[in-house]
Amino acid sequence: MTNFLSLADVTDLDALIQSGLDAKANPFASQHLGKNKTIGLIFFNSSLRTRLSTQKAAQNLGMNVMIMNVGQDSWGLEMEEGVLMNGDKAEHIREAAAVIGRYCNIIGIRAFAELQDRDKDYREQVMHQFAKYARVPIVNLESATRHPLQSLADCITIEEVRRADVSLPKRPKVVLTWLPHFKPLPQAVGNSFSEWMNARAQAGQIEFVITHPEGYELATEFAGTAPVIYNQQEAFDGADFIYGKNWSSYTQYGQVLTQDPSWAVTMEHMNRTNNGKFMHCLPVRRNLKVSDAVLDSPQSLVIEQAANREWSAQAVLKEILTSL
Ligand code: AN0
Ligand code: CP
């Protein structure tokens, strides 16, 4: 693996999931692999889990870690080519990425969608500019359209539960549900989760269903052929895993079309499932998107899911380090 930008960079998903589970069982087995290697973690946006879990994973592999918040710690970075830089951005990505690439063996980047211009966001300019000018492997720490380290942690979490619970069906039913929120959020987590779950469904591992109000359709490149059910209750029937996430509209780009509170997940919703587990990438606003009762119930996987971010990052970094 050179870059880890999306599922397309994964050659063997089963092996990567297993590598994450192996890292969880034995975190320091490869502690010499990253000796004298440096990872730079570059954040254009806030983070709790991604920042700490990726740092921890890199340290488990013996790497040195440098972290920078763009704009706060560094200069603002211009991404457009051939522009007159007379605005508020003091440095161009050409120099910035090239310089960071000289200090680091791997660079992780978080840069959310701006939700203003759909074509611009879906072009993934920040990831591609870094990949072009840094000349070292790039890891996506959540880009405009994807969050693959989260999706890998989600796969690890589902696999872990599947192995532990023999009563689960051979192909558990996984439901991605939209949740209400007053703020426009990116589609990245929903996109990525769909992309990875569609791959799992195609491999015969799970059944995958998407539910959201009309107008919240994800781009077809991500939704794939998963059934979309506009009736949330119907979608929840017999589900083994409920994965909640808010996203803003893709078709009416970046808009909040509804905040219908009936879409927030409560115990009543969960009672329609097959004693299903509740998943969310976090951060989550309690009682706006999902009730206290669900988050605090034994059905909630959110903390284990966040814990598994360490092992997803470790599996990815291990594979990149091996290819250096
Ligand atoms: C971000 C998002 O929705 O993409 C990050 C999630 C991991 N969430 C918020 O901005 C609240
Ligand atoms: N799930 C996730 O990526 O969380 P952070 O935004 O806190 O990194």
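In each ligand, atom 1 is the first atom listed, and ligand 1 is the first ligand listed.
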> How does W247 reach ligand 1, by side chain, by backbone, by both or by neither, if only non-hydrogen atoms under 4.0 Å count?
Replying inline: neither

> Does any non-hydrogen side-chain atom of F44 lie less than 4.5 Å from one of V70?
Replying inline: yes

> Is it true that a side-chain atom of R110 and a backbone atom of L141 form a donor plus acceptor pair closer than 3.5 Å?
Replying inline: yes

> Would you say E142 and ligand 1 have an N/O pair spaced under 3.5 Å apart?
Replying inline: yes

> Got the closest protein heavy atom to atom 10 (O) of ligand 1, with its distance?
Replying inline: L185 CD2, 3.7 Å

> Linking Ile, Leu, Val, Met, Phe, Trp and Tyr by side-chain heavy atoms under 4.5 Å, what else ends up with V166?
Replying inline: none

>> I'd like to check which ligand 1 atoms, numbered from 1 as shown, lie under 4.0 Å from a non-hydrogen atom of K245.
In response: 2 (C), 3 (O)

> Between Y243 and F208, is a ring-ring contact (aromatic ring centres under 6.0 Å, His included) present by the stated rule, with each step listed?
Replying inline: CA-CA 11 Å; Y243 193 99; F208 182 51; 9.0 Å; no

>> For a quick check: using heavy atoms under 4.0 Å, what are the residues in contact with ligand 2, sorted by chain and number?
In response: S47, L48, R49, T50, R110, H147, Q150, C281, L282, R309

>> Check this for me: does any side-chain nitrogen of one of R49 and E142 sit under 4.0 Å from a carboxylate oxygen of the other?
In response: no

>> Side chain, backbone, both or neither: which applies to L282 and ligand 1 if a contact is any heavy-atom pair less than 4.0 Å apart?
In response: backbone

>> Using a strict threshold of under 4.0 Å (side-chain N to carboxylate O), is an ion pair present between D237 and R272?
In response: yes

>> Just so I know, are the side chains of T177 and F236 near enough to count as touching, which here means a heavy-atom distance under 4.5 Å?
In response: yes

> Should P186 be listed as contacting ligand 1, given a heavy-atom distance under 4.0 Å as the test?
Replying inline: yes

> Do we see a donor-acceptor contact under 3.5 Å between the side chains of E81 and Q129?
Replying inline: yes

> Is the closest side-chain donor-acceptor distance between Y250 and N191 under 3.5 Å?
Replying inline: no

